[in-house]
Amino acid sequence: MRYSIFSLLSQALQGHKGWTPAWRDPAPKPEYDVVIIGGGGHGLATAHYLASRHGISNVAVLEKGYLGSGNVGRNTTIIRSNYLLPGNTPFYELSMKLWEGLEQDLNYNAMVSQRGVLNLYHSDAQRDAFARRGNAMRLAGVDAQLLDTEQVRAMLPYLDFENARFPIQGGLLQRRGGSARHDAVAWGFARAADSRGVDMIQNCEVTGITISGGRAVGVETSRGPIRAKKIAMAVAGNSSRVAAMAGMRLPIETHVLQAFVSEGLKPLIDCVVTYGAGHFYISQSDKGGLVFGGDIDGYNSYAQRGNLPVIEDVMESAMALWPGLGRVRMLRHWGGVMDMSMDGSPIIDTTPVDGLYLNAGWCYGGFKATPASGFCFAHLIATGQPHKVATAYRLDRFATGRVIDEKGAGAQPNLH
Amino acid sequence: MRITCPHCGARDAQEFSYLGAADLQRPEGMAASEAAMADYVYQRDNPAGLHRELWYHGAGCHAWLVVTRDTRNHAITAVEPAKTRKAGAAA
Amino acid sequence: MSTQPFRLASGGLIDRGQQLDFSFDGTSYRGYAGDTLASALLANGVRLVGRSFKYHRPRGVLTAGPEEPNALVELRSGARREPNTRATVVELFGGLTAASQNRWPSLAFDLLSINGLVSPALVAGFYYKTFMWPASFWEKLYEPLIRRAAGLGRAAGAEDPDHYEKAFAFCDLLVIGGGPAGLAAALAAGRSGARVILCDEDFRLGGRLLAEKREIDGKPASEWLAATLAELESLPEVRIMPRTTVFGLYDHGIFGAVERVADHLPQPPAHQPRQRGWRIHAKRAILASGALERPIVFAGNDRPGVMLAGAVRSYVNRHGVLPGRETVLFTAGDDGWRTARDIAAAGGKVAAIVDSRPADPARKALADKLGARLFASGAVMGARGGRQLSGVTIRDASGAMSELSCDLLAVSNGWNPTLHLTSHQNGKPAWDDGLQCFVPGTVPAGLAVAGSAAGRFTLAQALEDGATLGNEAAVEAGLAARPAEPTPTTDPETNGLSPVWRVSGGKGKAFVDYQNDVTDKDVELAAREGFRPVEHLKRYTTLGMATDQGKTSNLSGLAIMAEQTAKTIPQTGTTTFRPPYTPVAIGALAGHHRGRGFRPIRLAPTHDWSKEQGAVFVEAGPWLRAQYYPKPGETDWLTTVNREVKAVRASVGLCDVSTLGKIDIQGADAAEFLERVYINGWKALPVGKARYGLMLREDGFVMDDGTTSRLGETHFLMTTTTANAGKVMQHLEFCHQVLWPELDVRMVSVSEQWAQVAIAGPKARETLRDVIDPEYDISNEAFPYLAARPVTVGGGIPARLFRISFSGELAYELAVPADYGDAMVRALMQAGAPFGITPYGTEALGVMRIEKGHVAGNELNGQTTARDLGLGRMMSSKKDFVGRLMAGRQALVEQDRPSFVGFKPVDPSQRLRAGAHFIGIGKPGVMENDEGYMTSVAYSPHLNHWMGLGLIRGGANRIGERVRAYDPVRNGDVVVEICSPVFVDPEGARLHG
């Protein structure tokens with residue numbers, strides 16, 4: 001059923017009795033053309049683009065919990081394409097373009113809001129590094145502006161410009177960056193894929209991958225075996241566990257990233273701001289809560305929760321950036337487990353097992369990538385060839401040295 | 001979290017830095033292969049469960065420790081100095 | 001000043017001798033010490049306290065505790081304004097000011113209550129279905145409107161004038177909650193001698209005992225409470241912390257808590273923080289956090305004047321406030337009857353009791369005694385009234401409706417254990433069908449749950465649990481077991497309950513989540529649209545996502561979803577409670593880490609001297625370093641820096657380089673160890689010599705560089721860059737302890753033990769001659785380039801002299817024990833005075849290193865290889881070293897990797913900027929034409945133009961070629977010529993002077 005102001009008003013007149021489920025709740029069929037493991041943002045987006053762009057709709061998305069229960073519902077909702085390296089920038093820019101048309105594509109308001117993403121810098125060296133990145137963005141056709149202190153002050157007058165340990169010297173602004181309503185992204189993709197015949201199968205945990213003659217031919221699940229011509233993994237956070245079912249080890253560690261939301265407040269901050277002298281980023285949701293986060297906790301973790309040292313570190317950065325936040329209350333904090341890859345960049349590739357496709361290693365940048373990840377993964381599954389903006393995301397790049405290390409932190413996941 | 005350092009006693013985990021899996025064996029010497037080294041540098045088991053891992057007591061005794069911890073719930077069952085570790089004991 | 005019309009003539013735990021004046025929305029009122037803001041407002045007859053989030057419905061006080069969803073105010077004003085403050089937990093103080101929020105223009109007349117009229121369209125998730133057309137209108141029109149309407153209170157925005165601090169505590173037992181169970185637990189453990197911390201969020205200990213009329217050991221409970229508190233206070237190892245909320249349980253027995261030190265005062269006293277954030281390490285903990293009462297979902301259940309029955313008892317018994325003249329009780333169990341009884345005892349009128357359970361003679365008799373009409377098997381179908389409750393519609397057992405007028409409706413539907421902390425580590429609560437509530441399921445190790453928090457709701461159970469678990473905890477903490485003591489006896493109580501989750505069929509909205517305006521219809525809609533898993537329900541309807549975190553709404557929402565899907569509540573799901581238990585001020589968790597105190601500042605040993613010289617300082621990681629030393633009359637930094645550079649190259653200058661990392665490495669295998677961590681060779685380095693070293697990460701990229709000196713056969717001193725000092729130390733320890741424990745080597749950081757100063761320029765030796773003790777020959781022959789030896793200065797003070805140069809001049813670095821640093825620099829200034837010695841800062845240092853083409857932090861950015869930096873030939877092929885194999889990977893040795901060269905502007909008047917990318921002349925600025933980027937730039941007073949270092953494809957093979965330094969983010973596009981990275985003295989003649 002199509003969503004619009006007219007359907008909403010007409011339903012309002014009949015007490016909203018006529019709405020139908022956003023997606024069906026089918027039992028798994030014995031076989032599909034494509035089985036996608038993981039009903040998070042990337043898996044659902046992959047299903048949508050397989051069905052809508054490649055006409056492949058005999059697809060099942062298998063989700064061990066509820067749809068969108070992974071990191072798509074646990075992040076700080078930031079979208080941006082302000083990347084440095086040529087392996088990344090065009091991919092994230094494709095994602096940004098898909099965000100820009102997402103609501104019309106999905107007929108679902110995911111509240112994509114291009115309010116701007118501002119990365120602050122605090123030293124000459126950081127300014128030059130940001131200029132290098134901003135120039136790389138411009139070369140890739142992405143919008144970027146380098147602001148000085150006064151331009152930042154005009155945008156965000158309440159930041160600490162007077163007494164800061166690391167004075168704000170300026171910022172790199174991507175105006176087209178912003179945020180989106182994270183759950184709605186998952187729901188919008190799920191509903192759109194469902195409308196094209198994709199089966200969303202919740203409470204269906206994959207327990208094994210069946211390999212026959214070097215080829216993946218099906219999965220064992222908590223709801224029985226399912227055969228598939230192609231099997232696609234989109235289980236960031238748990239990629240190593242699922243890959244192990246196919247006998248693979250990955251260049252990935254699982255780490256927890258915490259996120260925070262404050263009580264609802266009248267509008268205070270219009271764009272997304274990241275602090276350059278600590279790990280901290282903040283924005284305000286349409287509902288009024290300040291949404292913020294910081295660094296990963298730093299040790300392998302599958303527990304979806306974090307600990308006090310990082311929480312305090314985040315609050316310290318918050319106060320250092322904006323001393324007016326002292327009396328604002330943190331309402332909730334939670335953790336998501338992420339695939340921290342060895343170079344900080346993702347993997348979208350085939351695997352040594354025929355018919356098994358891998359989408360993994362999103363670190364803490366997976367949300368903004370959701371549309372392009374699904375788009376490129378669907379392309380790879382449908383055509384066997386990587387999409388042109390995702391050619392760098394190879395699994396063998398660690399062996400060849402073609403790593404995509406934005407931070408220059410090396411093969412240590414907790415530094416990315 | 002708290003880590004009981006064999007030298008310093010129970011300390012807040014904030015005193016330590018984390019590195020990663022403890023039982024990886026560096027391919028040593030001129031005969032080592034690039035492939036084996038790439039495997040050592042990049043590939044990880046990343047288990048959901050018991051994990052032997054390296055922590056550095058930078059704000060204490062400067063010892064590298066092998067901590068056995070369950071990555072699902074952070075329960076720590078053993079801490080030993082890396083220098084005297086029994087490699088691969090729980091691999 | 002009003003007269004507190006709803007204050008009882010006597011009773012309550014308030015100090016009627018201490019009157020406190022306060023204001024709400026500009027009107028002045030009076031309360032007493034011991035009041036909360038809510039109790040004082042109720043005493044004054046203020047019913048309308050707030051507006052709801054979406055429909056802007058008028059709202060009053062629902063509860064008497066931290067679970068309050070409605071009575072949110074902006075407390076205080078100006079920079080101290082605290083939005084969304086629950087009036088039910090604000091301790092009244094004289095001069096308190098509060099204002100209602102989320103209304104315009106006023107609380108009584110709120111224009112946005114029009115949302116209530118269009119509410120048929122504003123159902124759960126309506127915004128996902130519309131505002132999509134036209135696409136450009138979302139950011140321009142729809143979203144700004146939504147943002148303005150949404151949100152609750154207004155944050156101050158201005159800098160918080162108050163301070164916060166962090167504190168740490170360790171104990172054998174942490175008791176969370178100072179009600180009967182917690183007090184009994186603290187007492188039992190405290191008597192054993194255990195170190196006990198007892199935290200309670202309230203300003204007065206006693207928990208529900210403060211709100212109830214109960215007996216312990218045949219006497220009023222207040223006597224037991226007083227005696228227990230007195231004994232606890234007498235126990236030296238027991239620490240009682242009122243006004244302290246334990247908000248989170250973290251791994252390994254660590255609890256987060258916030259102590260509200262001064263929130264009950266107009267402002268914090270001098271030298272006191274507003275709040276203190278605690279990290280409490282507890283061997284054992286007992287959760288005695290009690291229970292939270294549950295509302296019932298019926299039409300109009302949000303009218304100001306509808307209140308939870310237990311809260312009514314709090315106001316009557318604790319605060320001496322009867323919040324209505326004419327009460328109706330709607331109860332699903334025995335507990336509500338206590339409210340009717342206490343109201344009657346206080347002289348109030350109970351007009352009717354609506355009990356959802358079938359008729360019962362004992363209850364009938366009691367109702368008669370209270371003078372109340374009893375509706376057995378009854379239900380309140382609806383509550384009416386605008387800004388204040390005026391009456392209710394009651395359905396009796398036969399289905400007949402009655403209208404009753406009343407101004408207070410007390411609602412009782414049983415209690416939910418406050419088990420939040422048990423699920424902070426992902427533990428799921430378990431449904432207890434007998435109790436009809438969730439009770440703690442899997443409980444984290446070291447935590448026990450006592451009393452109501454465990455679903456053991458009677459006072460007797462609370463006292464028994466506390467004593468038993470307190471004793472156990474003491475024994476587990478290693479204290480001697482004590483003989484069991486008799487548990488106090490209590491007056492009898494019954495807790496019969498048959499919960500009513502919602503009353504269907506009423507007219508108007510029935511709220512599940514008050515604050516977020518989620519109605520039962522919204523839950524039905526979620527079910528209809530397939531948002532049935534509990535997390536979908538929450539996220540789709542926003543149920544439980546408000547500032548009260550669903551304390552009063554989660555279970556009703558689950559119950560209605562269960563009803564819709566024909567499942568049981570436990571089949572429908574549980575919700576995960578995430579920390580914090582109640583919202584925590586960001587300031588409390590940041591402590592003093594703000595402003596200049598955000599991070600510690602490290603100062604060089606010569607800092608005070610530099611300050612005397614008028615240095616401008618710059619943040620360099622944790623350090624504050626002298627950036628340049630302006631002289632009077634120098635108005636811009638470039639003038640100063642040019643002067644400093646020229647002075648060094650013409651005569652002599654000095655610069656503090658103490659911030660470099662220094663690692664002392666000793667042992668029979670020290671040289672072997674260096675062979676393995678550096679790419680170049682070390683075994684052949686003679687004693688008394690220094691060498692430049694480069695180390696890689698194991699992935700083959702450059703990690704750090706520096707000079708390392710051999711001070712003895714088995715003794716080396718390594719220097720690292722300032723930025724990587726800690727990282728390299730950790731790396732070396734890793735290499736030794738983890739990779740090669742068999743090597744006989746030890747290392748220690750001596751960065752802070754030595755003050756080190758660079759003395760550079762043609763007159764450097766002559767300057768030093770006066771400072772180094774005369775018995776040391778520092779002539780060019782005796783102390784040639786790269787010599788590194790211990791010397792003494794100032795008549796026997798140990799020192800180390802290194803003939804190394806970052807500037808390309810004749811240069812030395814002189815190190816003395818850190819405490820002599822200040823004296824050293826003054827002595828050097830004196831010795832160099834005849835030569836006009838010039839202090840120089842990091843800017844001039846940078847200019848000279850760029851003039852010499854030395855790599856530094858901008859080039860060692862973690863993305864470059866030794867080959868990229870022109871240092872590939874340093875890599876030994878005769879030995880294994882960290883990073884050797886990975887540095888040989890295909891992509892790291894490709895010829896077209898950008899590599900290190902110099903750049904100069906073709907038009908010498910043009911300025912260069914680091915971060916510019918290189919693009920071929922005449923080629924469009926697109927990614928495909930990106931050839932590399934400028935890493936560092938400086939103005940060379942020697943060359944009189946800007947110069948740059950950078951990485952470009954083809955590198956040294958392209959010297960003489962011109963490209964564009966393309967810098968669109970700064971509107972820059974400069975034609976540059978590729979040149980050697982060594983701009984000054986390429987032969988190195990000056991070095992050996």
Side-chain angles (χ1 to χ4, degrees), chain A residues 3 5 8 12 16 19 21-23 66 86 103-104 108-109 113-114 128 131-132 134-135 138-140 144 146 158 163 165-166 183-184 263-268 286-288 307-308 312 315-316 318-320 323-334 400-402 405 408-411, chain C residues 82 84 120-121 123 128-132 143 146-147 150-152 154-160 250-251 256 279 525 528-530 533 535-536 539 547 578 583-587 589-590 593-596 598-599 619 697 699 861-863 889-892 914-915 917 925-927 930 933 968-969:
Chain A
Y3 290 160
I5 185 69
L8 183 67
H16 298 278
W19 294 113
W23 43 79
Y66 58 93
E103 278 119 10
Q104 287 68 34
Y108 207 87
N109 187 358
S113 176
Q114 296 181 284
D128 293 342
R132 178 190 168 200
N135 286 330
R138 295 280 281 267
L139 288 168
L146 197 67
Y158 32 70
N163 187 38
R165 171 75 178 80
F166 299 103
D183 289 325
E263 296 181 341
L265 300 165
K266 290 294 175 197
L268 262 184
D286 284 344
K287 233 180 126 225
N307 272 298
L308 274 175
E312 292 183 12
M315 303 305 154
E316 289 165 7
M319 286 297 281
L325 291 177
R327 305 175 104 84
V328 171
R329 298 187 198 94
M330 183 250 292
L331 172 62
R332 261 196 314 279
H333 69 83
W334 64 93
T400 62
R402 258 170 252 290
D405 187 351
Chain C
E82 291 152 34
N84 309 330
V123 288
Y128 302 131
K129 295 172 177 156
T130 182
F131 301 132
M132 286 178 279
E143 192 182 32
I146 289 177
R147 283 174 84 87
L152 292 164
R154 300 164 303 153
E159 175 162 4
D160 188 342
Y250 300 92
D251 286 295
R279 219 189 276 187
L525 178 65
R528 197 172 299 135
E529 296 196 279
E535 283 291 333
H536 279 169
R539 289 159 185 264
T547 66
R578 290 173 176 142
V584 176
I586 287 172
L589 294 174
H593 293 258
R594 58 194 272 203
R596 299 284 291 169
F598 169 52
R599 290 289 177 259
E619 293 77 14
R697 300 186 308 231
D699 70 350
N861 62 10
Q863 296 164 328
R889 280 179 293 171
Q890 189 186 338
L892 276 71
H917 285 241
V926 295
M927 205 174 74
D930 190 358
Y933 62 99
V969 295

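The sequence lines fix the lettering, A, B, ..., with proteins before strands; numbering per chain opens at 1.
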Enquirer: Return the OH to OG1 distance between Y3(A) and T130(C), rounded to the nearest 0.5 Å.
Expert: 12.0 Å

Enquirer: As an exercise: rank N307(A), L8(A), L146(A) by heavy-atom pairs under 4.5 Å with chain C and give me the winner.
Expert: N307(A)

Enquirer: Hey, which of R138(A), R327(A), E263(A) has the most heavy atom pairs under 4.5 Å with chain C?
Expert: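 Highest number of heavy-atom pairs under 4.5 Å: R327(A).
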
Enquirer: Is chain C contacted by the side chain of A409(A), its backbone, both, or neither, given a heavy-atom distance below 4.5 Å?
Expert: backbone

Enquirer: Pick from S113(A), A184(A), G134(A): which one has the most heavy-atom pairs with chain C under 4.5 Å?
Expert: S113(A)

Enquirer: Find the one option among D930(C), I146(C), V926(C) whose heavy-atom pairs under 4.5 Å with chain A are most numerous.
Expert: V926(C)

Enquirer: Which heavy atom of G264(A) sits nearest to which heavy atom of T547(C), and what is that distance?
Expert: N-CG2, 4.3 Å

Enquirer: Non-hydrogen atoms of chain A under 4.5 Å away: do they reach the side chain of N84(C), the backbone, both or neither?
Expert: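 For N84(C), the contact with chain A is made by backbone and side chain together.
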
Enquirer: Where does R539(C) contact chain A at under 4.5 Å (heavy atoms): side chain, backbone, both or neither?
Expert: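 The answer is both parts of R539(C).
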
Enquirer: Just jot down the salt bridge (Lys or Arg N to Asp or Glu O under 4.0 Å) partners of R332(A), sequence neighbours excluded, or say none.
Expert: none

Enquirer: Give me the atom names and distance for the closest heavy-atom approach of L325(A) to I586(C).
Expert: O-CB, 3.5 Å

Enquirer: Just give me the residue among Y158(A), W334(A), W19(A), W23(A) that pairs up with chain C most often, heavy atom to heavy atom, under 4.5 Å.
Expert: W19(A)

Enquirer: I'd like to check the salt bridge (Lys or Arg N to Asp or Glu O under 4.0 Å) partners of D286(A); sequence neighbours left out, ordered by chain and number.
Expert: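 For D286(A) the salt bridge (Lys or Arg N to Asp or Glu O under 4.0 Å) partners, ignoring immediate neighbours, are R147(C).
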
Enquirer: In terms of heavy-atom proximity below 4.5 Å to chain C, should D405(A) be classed as side chain, backbone, both, or neither?
Expert: both

Enquirer: Please walk me through it: do R165(A) and E619(C) pass side-chain contact (heavy atoms from CB on, under 4.5 Å)?
Expert: CA-CA 8 Å; R165(A) 171 75 178 80; E619(C) 293 77 14; 3.6 Å; yes

Enquirer: Inspect the contact between K129(C) and E529(C) and indicate whether a charged nitrogen and a carboxylate oxygen are less than 4.0 angstrom apart.
Expert: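 Between K129(C) and E529(C) there is a salt bridge, with a charged N closer than 4.0 Å to a carboxylate O.
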
Enquirer: Assess whether side-chain contact (heavy atoms from CB on, under 4.5 Å) is satisfied between R889(C) and R402(A), documenting all intermediate values.
Expert: CA-CA 9 Å; R889(C) 280 179 293 171; R402(A) 258 170 252 290; over 6 Å; no

Enquirer: Where does the angle between the aromatic ring planes of H917(C) and Y933(C) fall among parallel (under 30°), tilted (30 to 60°) and perpendicular (over 60°)?
Expert: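 Correct class here is tilted.
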
Enquirer: For L152(C) and K266(A), which heavy atoms make the closest approach, and how far apart are they?
Expert: O-CE, 3.2 Å

Enquirer: Relative to chain C, which of E103(A), H16(A), Q114(A) shows the most heavy atom pairs under 4.5 Å?
Expert: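 That would be H16(A).
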
Enquirer: Counting only non-hydrogen atoms closer than 4.5 Å, does P968(C) touch chain A with its backbone (N, CA, C, O), its side chain (CB onward), both, or neither?
Expert: both

Enquirer: Please identify, among A411(A), G326(A), A12(A), the residue contributing the most non-hydrogen atom pairs under 4.5 Å to chain C.
Expert: G326(A)

Enquirer: Does any heavy atom of chain C fall under 4.5 Å from the side chain of I5(A), the backbone, both, or neither of them?
Expert: both

Enquirer: By a 4.5 Å heavy-atom criterion (distance strictly below it), what part of A156(C) contacts chain A: side chain, backbone, both, or neither?
Expert: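 Contact with chain A: none, neither part.
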
Enquirer: Let me know if E312(A) has heavy atoms under 4.5 Å from chain C in its side chain, its backbone, both or neither.
Expert: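 For E312(A), heavy atoms of backbone and side chain both lie under 4.5 Å from chain C.
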
Enquirer: Quick check on L331(A) against chain C: is it the side chain, the backbone, both or neither that has a heavy atom closer than 4.5 Å?
Expert: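 Backbone plus side chain of L331(A), per the 4.5 Å heavy-atom cut-off to chain C.
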
